[in-house]
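To keep things clear, I will list the structure first and then write my remarks on it.
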Amino acid sequence: MAPSAAQSAPQRIVIENCAIATVDANDTEYASGHVVIADNRIESIGAGKAPEGLTSVVRRIDATGHLVTPGLINTHHHFYQWITRGLATDHNLFNWLVALYPTWARIDEQMGYAAAQGSLGMMARGGVTTAMDHHYVYPKDSGDLSGAIIKAASEMGVRFTLARGSMDRSEKDGGLPPDFAVETLDGALVATEETVKKHHDASFDAMTQVAVAPCSPFSVSTELLRQGAELARRLGVRLHTHGSETVEEEQFCKELFGMGPTDYFESTGWLGEDVWMAHCVHMNDSDIAAFARTKTGVAHCPSSNARLAAGIARVPDMLKAGVPVGLGVDGTASNESGELHTELRNALLINRLNPVHREAALNARQALRLGTYGGAQVLGRASQIGSLEVGKLADLVLWKLDTLAHASIADPVTALVFGAAAPVTASFVNGKQIVENNRLLTVDEDAIARSTRDEAQRLARIAAQG
């Protein structure tokens, strides 16, 4: 039996009287405009009031004093690190990893779930509508860590990509992680394939996707990289790893493989439009050209790069060459705030410290694009999210800009990027509201605060016992 007109009519939410930054191909903006959400899609967007005669309007929002943007998209993170924040605060990357791997190697499913809730909650409160987690620590008998992370994202209502990581190069092989913290080559490949087949959704409005993500040259064998790339392409999913993060990584690759990181990755099948890498701080002209030629994406993590003294990525040069670039929080053990909206500002400011580009490195609209459409490109979802356009998924944020913190800044995009972290009045994912007045609607954030504190203390006790 065909559904009745009443049953098939979309439920509409009308947002009016707001400034809008669409971040579409033309950077279309409206000083005062409207957005109409129909079920989980954007039905109408433009200047002035919403069209007359709309039916099945379940809610009208007067968004006076607000800027509406696409939801922010996080392209690199390690959720489990939420319960090891504030440690090794004066270390560079290599020493930081050595200091923390023995603790991380003792996480279990309960800890992973709590940490994922904390990481997701902090991002969602700050305007993130699509998150990703690069989880690569799977200690023996630790439970269903991937399932726990996906469950946390589903409960919160955030669109999510799990980059199912892996490590098979431990201390005995010249790698960084303890021997008991890594998987075997075959074990990692089998578990990754099972995760993709169980959880990956390839549909247009997918809420959960999975990528294949061996950790880094420091902790992964050449064979795991090579077979991981083959696995991802056989299954039709994306590939993610860390690349060119530090000077030490470049030295490591040259000593072990006789070539720099980019050439090494290319030799193992790890350049391509289905690949994105985190950091990419130490890239020369030929590296950037290779990424541009192959459309390999970059997750730029400015706060983490500064925290670990890794350096300043050449983001302006990447963008000029045509490299897809998004923003990443990175793990909260190297970016304790765990918020992506602060990365808009930090990306702009830190890139201006580059002596080549200085004040011309990035502007406010380029920074916003990195955090929205750029992230969608990197995750392979630019046709679905990342800009406000008719037919795209209704992932959007209302930023309140009429308070003391921002009201005297005339341009709303400048206010959002250059100003203090703006309050989120409302955040919608797939047409459903998940944040109201900077508070999570789908979960109890006070309970999450308690559980993350308890799990952090439990992990610290276990690690101390060795």
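Just so you know, residue 1 is the first one in the sequence shown, and it goes up from there.
Considering H200, E193, E194 as possible partners of K197, the one that fulfils the side chain to side chain donor-acceptor pair (under 3.5 Å) test is E193. Of the listed residues (T129, V424, V397), just one forms a side-chain contact (heavy atoms from CB on, under 4.5 Å) with V435, and that residue is V424. Each of T75, N346, N351 was checked for a side chain to side chain donor-acceptor pair (under 3.5 Å) with H300, and the lone residue meeting it is N351.
Separation of atoms CG (L370) and CG (L362) is listed at 6.0 Å; rounding is to 0.5 Å. The distance from the CG atom of D108 to the CG atom of D141 is 11.0 Å, given to the nearest 0.5 Å. From N335, atom CG reaches atom OG1 of T342 across 6.0 Å, with rounding to the nearest 0.5 Å. In this structure, CG in L239 is found 5.0 Å from CZ in R233, a value given to the nearest 0.5 Å. For the atom pair K400 NZ and L416 CG, the distance stands at 14.5 Å (nearest 0.5 Å). To the nearest 0.5 angstrom, D263 atom CG is 6.5 Å from S286 atom OG.
In the model, T195 has no side-chain atom that pairs as donor or acceptor with a side-chain atom of T192 under 3.5 Å. For the residue pair E389/S387, the side-chain donor-acceptor check at 3.5 Å is satisfied. Checked by atom type, the side-chain pair Y138/S146 shows a donor-acceptor distance below 3.5 Å. Side chains of E155 and Y113: a donor-acceptor N/O pair is present below 3.5 angstrom, by distance only. Counting only N and O atoms by type, the side chains of T184 and D186 include no donor and acceptor under 3.5 Å apart. Counted by atom type alone, E29 and T22 present zero donor-acceptor pairs between their side chains at under 3.5 Å. No hydrogens or angles considered: a donor-acceptor pair under 3.5 Å links the side chains of D317 and H357. For the residue pair D133 and H77, no side-chain donor N or O sits within less than 3.5 Å of a side-chain acceptor on the partner. Side-chain contact check for D201 and S203: at least one donor-acceptor pair (N or O, by modelled atom type) lies under 3.5 Å. If you check the side chains of Q366 and R369, you find no donor sitting under 3.5 Å from an acceptor. For the residue pair T69 and W399, a side-chain donor N or O sits within less than 3.5 Å of a side-chain acceptor on the partner.
Using a 4.5 Å heavy-atom cutoff, the side chains of T130 and V158 are not in contact. Side-chain contact between T452 and I448 is present, with at least one heavy-atom pair separated by less than 4.5 Å. Inter-residue side-chain proximity for R169 and V182 is flagged as unmet; no heavy-atom pair is nearer than 4.5 Å. A 4.5 Å side-chain heavy-atom check between D168 and P214 finds every atom pair outside the cut-off. With contacts defined as side-chain heavy-atom distances shorter than 4.5 Å, the pair V237/Q209 does not qualify.
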Quick one, E343 with S303, criterion side chain to side chain donor-acceptor pair (under 3.5 Å). Give me CA distance, side-chain angles, the key distance, then yes/no. CA-CA 7 Å; E343 299 305 292; S303 293; 2.5 Å; yes
Take T28 and N26 through the test side chain to side chain donor-acceptor pair (under 3.5 Å) and record every step on the way to the result. CA-CA 5 Å; T28 305; N26 299 314; 4.7 Å; no
Report the C-alpha distance between V210 and T161 in whole Å, list the side-chain angles of each, state the deciding distance to 0.1 Å, and finish with yes or no for side chain to side chain contact (heavy atoms under 4.5 Å, CB included). CA-CA 5 Å; V210 180; T161 294; over 6 Å; no
Please assess T246 against N92 for the test side chain to side chain contact (heavy atoms under 4.5 Å, CB included), listing each intermediate value before the final yes or no. CA-CA 9 Å; T246 63; N92 64 20; over 6 Å; no
Working note: L388 + D24, criterion side chain to side chain contact (heavy atoms under 4.5 Å, CB included); need CA distance, chi angles, decisive distance, verdict. CA-CA 7 Å; L388 301 180; D24 65 9; over 6 Å; no
Show, in sequence, the C-alpha distance, side-chain angles and deciding distance for L344 and L327, and conclude whether the side chain to side chain contact (heavy atoms under 4.5 Å, CB included) test is met. CA-CA 8 Å; L344 301 176; L327 287 182; 3.7 Å; yes
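In terms of heavy atoms, A290 sits closest to L271 at CB-CD1, 4.1 Å. Across all their heavy atoms, G147 and H199 have their closest contact at CA-NE2, 4.5 Å. Closest of all the heavy-atom pairs between F291 and G297 is CE2-O, 4.0 Å. Considering all non-hydrogen atoms of both residues, A463 and T103 come closest at CB-OG1, 3.7 Å. Closest of all the heavy-atom pairs between E249 and S244 is OE2-N, 2.8 Å.
At least one donor-acceptor pair closer than 3.5 Å links the side chain of H134 to the backbone N or O of A213. With R85 contributing its side chain and E336 its backbone, the two residues share a donor-acceptor pair below 3.5 Å. D179 places a side-chain N or O within donor-acceptor distance of the main-chain N or O of K172, the cut-off being under 3.5 Å. Between the side chain of R226 and the main chain of S221, no donor-acceptor pair closer than 3.5 Å is present. Without hydrogens or angle criteria, H406 side chain to A420 main chain gives a donor-acceptor distance under 3.5 Å. Formation of a donor-acceptor pair under 3.5 Å by the S267 side chain with backbone atoms of Y264 is found in this model. Listed for the Q81 side chain is a donor-acceptor partner under 3.5 Å among the backbone atoms of A333. Looking only at distances, no side-chain donor or acceptor of S119 sits under 3.5 Å from a matching main-chain atom of A116. One N or O on the side chain of R345 and one on the backbone of F418 form a donor-acceptor pair closer than 3.5 Å. Within the 3.5 Å criterion, the main-chain N or O of C301 finds a donor-acceptor partner in the side chain of N305.
Other residues, nucleotides and ligands contribute only 12 or fewer heavy atoms inside 6.0 Å of the NZ atom of K432.
The cationic group of R106 does not satisfy the cation-pi geometry with F180, failing either the under 6.0 Å distance to the six-membered ring centre or the 45° limit from the ring axis.
Look at K254 and E250 and you find a salt bridge, because one of the NZ, NE, NH1 or NH2 atoms lies within 4.0 Å of a carboxylate O, short of that distance. With respect to the salt-bridge test (charged N to carboxylate O, under 4.0 angstrom), the residues E455 and R461 do not qualify. With salt bridges taken as basic N to acidic carboxylate O contacts below 4.0 Å, none links E445 and R450. Of the charged side-chain nitrogens involved, none lies within less than 4.0 Å of a carboxylate oxygen, so that R381 and D205 do not count as a salt-bridged pair. A salt bridge is defined here as a Lys NZ or Arg NE, NH1 or NH2 lying under 4.0 Å from an Asp or Glu carboxylate O, and R439 with D446 meets this definition. Of the charged side-chain nitrogens involved, at least one lies within less than 4.0 Å of a carboxylate oxygen, so that D285 and R314 count as a salt-bridged pair.
The aromatic rings of Y80 and H78 sit tilted, their planes meeting at an angle between 30° and 60°. Ring-plane geometry between H242 and H240 is classed as tilted, the angle between the planes lying from 30 to 60 degrees on a 0 to 90 degree scale. Aromatic ring pairs are classed by plane angle as parallel below 30°, tilted from 30° to 60° and perpendicular above 60°; the pair F265 and W270 is tilted.
Centroid-to-centroid, the aromatic rings of W104 and W82 stay 6.0 Å apart or farther.
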